[in-house]
**Student:** 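One structure, as structure tokens, below. Some questions next.
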There are 2 protein chains.
Amino acid sequence: MAATSTGAGSIRARVRAEMTDEIKTIARRHLAADGANLSLRAVARDMGMVSSALYRYFASRDDLLTELIIDGYDAMGEVAEAADAAVKDRADLAGRWIAVAVALRHWAVAHPAEYALLYGSPVPGYVAPQATVGPATRPVLVLGAILADAHASGLLASETSPPAPPLPRALRPEVRRAAGAVAAGLPEQAMARGLIAWTELFGAISFDVFDRLKNTIDERSAWFEYQTRCMVEYLGLTDAAPRGGQPAHRGTRTPRGASRPRG
Amino acid sequence: MAATSTGAGSIRARVRAEMTDEIKTIARRHLAADGANLSLRAVARDMGMVSSALYRYFASRDDLLTELIIDGYDAMGEVAEAADAAVKDRADLAGRWIAVAVALRHWAVAHPAEYALLYGSPVPGYVAPQATVGPATRPVLVLGAILADAHASGLLASETSPPAPPLPRALRPEVRRAAGAVAAGLPEQAMARGLIAWTELFGAISFDVFDRLKNTIDERSAWFEYQTRCMVEYLGLTDAAPRGGQPAHRGTRTPRGASRPRG
DNA sequence: CGCAGTCAAGAGCACTGCTCTCGGATGTGT
DNA sequence: ACACATCCGAGAGCAGTGCTCTTGACTGCG
């Protein structure tokens with residue numbers, strides 16, 4: 001915009017972008033190693049620079065964190081989308097939900113510090129800027145789309161099972177609005193169940209990543225998948241499995257490919 | 001212990017205990033104000049002391065944190081136990097579970113920083129010492145007792161509803177062991193459901209405390225109670241209350257008065 | 001070629017956890 | 001009542017942090 005040097009493809013702009021990326025990469029490495037408290041000086045040392053030089057690229061430590069957070073949400077969103085897309089039978093809603101859940105957990109345990117940044121306790125002075133809310137919704141949208149597809153098939157638990165406790169009147173508008181944002185046309189009751197499953201999902205991932213199941217459950221992966229299957233059944237997605245006589249907890253037969261690493 | 005000065009009831013010991021308490025109180029205040037990163041120097045300033053003097057009372061910052069964590073678990077445990085005990089109709093299992101859940105959430109939103117310390121992302125360099133595991137189980141035990149009582153009444157969902165997905169063989173010993181520690185005699189299937197409800201509960205509290213529902217659900221209390229009611233139904237605790245024409249989700253008021261309140 | 005714009009370095013401020021030493025106060029045993 | 005052992009607070013100091021500001025060098029573009 002300055003019309004002089006910093007043209008879009010200018011050399012300076014290119015090396016600057018490379019520097020920015022390298023800083024973020026090293027910062028991620030430090031994040032993974034030392035946990036949440038990221039030291040700018042340490043990052044600078046690793047880059048062979050002096051700490052003040054970093055401020056040419058990031059206005060503050062919080063700015064760096066913000067970019068890392070956005071990248072994290074995007075990574076999770078991408079992982080979720082890829083896992084969903086990898087399920088060939090689009091009508092296998094249980095398989096899709098499980099694949100997404102497993103992929104999200106997989107990413108989380110592989111990047112615990114970044115996950116903590118996204119879904120753990122908020123860092124003290126930091127307030128998430130508006131720029132983070134968009135990426136933050138990406139993983140949710142994937143799950144919402146599955147629910148929407150399930151609803152389109154008319155197979156959700158809320159529509160086939162005995163009704164859950166009725167939604168208090170005060171909640172109905174908000175839940176309806178949430179449904180509109182995430183899964184258009186989804187009835188309130190189904191959206192409520194979806195929110196509960198979403199809560200359970202991230203509760204489970206957090207318990208896993210933060211090691212809250214120590215001395216209780218060691219078979220983490222198996223437990224997580226079982227848990228997810230239970231919630232899938234709670235949502236009623238298993239009824240959607242087209243083939244086979246019995247509905248119920250049929251979701252177990254999800255092809256192993258569901259959890260395969262994204263291509 | 002040296003047999004000379006520090007007798008159990010000595011004056012020095014008393015004032016020392018008072019100082020320790022005051023330090024912890026001020027530390028809690030700072031924790032609530034500034035978030036997770038607790039500054040020893042700031043605490044010392046507030047006490048009109050110099051930072052090094054604090055080291056007479058706590059070997060390190062982590063030591064202080066440990067004590068705060070233990071206190072926190074104890075506080076939550078106490079809150080949970082009190083909430084459970086306050087339900088006069090011991091047979092109203094749904095009411096008891098809901099009361100405990102609501103009390104836990106209430107404490108959590110009233111002490112967000114302490115809750116984050118207990119259930120949020122682990123603080124970087126800190127590893128929880130063994131002394132914390134005992135208190136940490138207190139809240140869980142309260143919920144486990146409710147499940148055990150429900151099982152004694154033979155009213156759990158796993159025993160009355162169609163079966164959930166079968167527990168993989170690899171998980172069964174661990175789940176059985178967990179059941180033994182928390183709710184003696186509870187069958188595996190019921191324990192699995194309990195673990196899921198527990199996961200959902202703390203997922204919900206964390207979402208609430210960490211403000212992850214911003215712009216989605218504003219009626220936090222109503223949403224939390226609804227959510228809890230759904231999980232109570234999932235557990236099958238509502239079956240303990242004979243549902244008349246009036247809604248079953250009224251859990252707090254259960255007509256069937258039976259067993260004696262325990263001491 | 002010269003200038004504008006960019007960048008890294010360095011010094012410095014205020015802050016942190018923590019260590020160590022040095023006096024003064026205090027309670028206890030003789 | 002005196003002396004000793006203990007405890008406690010203050011202060012200085014070390015190594016580290018985020019961040020600011022100034023200075024000097026480099027460099028791509030007109």
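Values in this document were obtained by computation on a predicted structure and should not be read as measured data. Each chain gets a letter, A, B and so on, in the order its sequence line appears, and its residues count up from 1.
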**Student:** Ring-plane angle category for Trp107(A) and His111(A), please: parallel below 30°, perpendicular beyond 60°, tilted otherwise.
**Tutor:**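 Parallel, since the angle between the ring planes stays under 30°.
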**Student:** Hey, are Ser206(B) and Tyr115(B) close enough side-chain-wise for a donor-acceptor pair under 3.5 Å?
**Tutor:**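 Checked: Tyr115(B)/Ser206(B) side chains pair up, N/O donor to acceptor below 3.5 Å.
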**Student:** In whole angstroms, how far is the P atom of dT6(D) from the CZ atom of Arg56(B)?
**Tutor:**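 Answer to the nearest Å: 14 Å.
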**Student:** Taking only Lys NZ, Arg NE, NH1 and NH2, and the carboxylate oxygens of Asp or Glu, determine whether Glu225(B) and Arg105(B) approach each other closer than 4.0 Å.
**Tutor:**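 Arg105(B) and Glu225(B): not salt-bridged.
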**Student:** For dG9(D), does OP1 or OP2 lie under 4.0 Å from any side-chain N or O of Tyr57(B)?
**Tutor:**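 Yes, such a contact exists.
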**Student:** Quick one, give me the B/S/- string for nucleotides 11-19 of chain D, reading 5' to 3', where B means a protein heavy atom under 4.0 Å from the base and S means that only happens at the primed atoms, P, OP1 or OP2.
**Tutor:** B-B---BBB
**Student:** Please confirm whether the shortest side-chain N or O distance from Arg16(A) to OP1 or OP2 of dC7(C) is below 4.0 Å.
**Tutor:**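 Yes, because at least one side-chain N or O of Arg16(A) sits under 4.0 Å from OP1 or OP2 of dC7(C).
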**Student:** So how far is it from Glu174(B) CD to Glu219(A) CD, rounded to the nearest 0.5 Å?
**Tutor:**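 Atom-to-atom, Glu174(B):CD and Glu219(A):CD are 5.5 Å apart.
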**Student:** Is any side-chain N of the basic residue among Arg220(B) and Asp211(B) closer than 4.0 Å to the acidic one's carboxylate O?
**Tutor:**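 Asp211(B) and Arg220(B): salt-bridged.
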**Student:** What donor-acceptor contacts under 3.5 angstrom involve side-chain atoms of residues 123-136 of chain A, with partners at least two apart or in another chain?
**Tutor:**
residue: Tyr126(A); atom: OH; partner: Thr66(A); partner atom: OG1; Å: 2.6
residue: Thr132(A); atom: OG1; partner: Pro129(A); partner atom: O; Å: 2.8

**Student:** Rounded to whole Å, how long is the line connecting atom CD1 of Ile23(B) with atom C1' of dG9(D)?
**Tutor:**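 The answer, rounded to whole Å, is 12 Å.
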**Student:** From CE of Met49(A) over to C1' of dA25(D), roughly how many Å is that when rounded to an integer?
**Tutor:**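 Rounded to the whole Å, the gap is 16 Å.
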**Student:** Heavy atoms only, 4.0 Å cut-off, all strands: where does Met19(A) land among base, sugar-phosphate and nothing?
**Tutor:**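 Sugar-phosphate contact only - Met19(A) comes under 4.0 Å of backbone atoms but never of a base.
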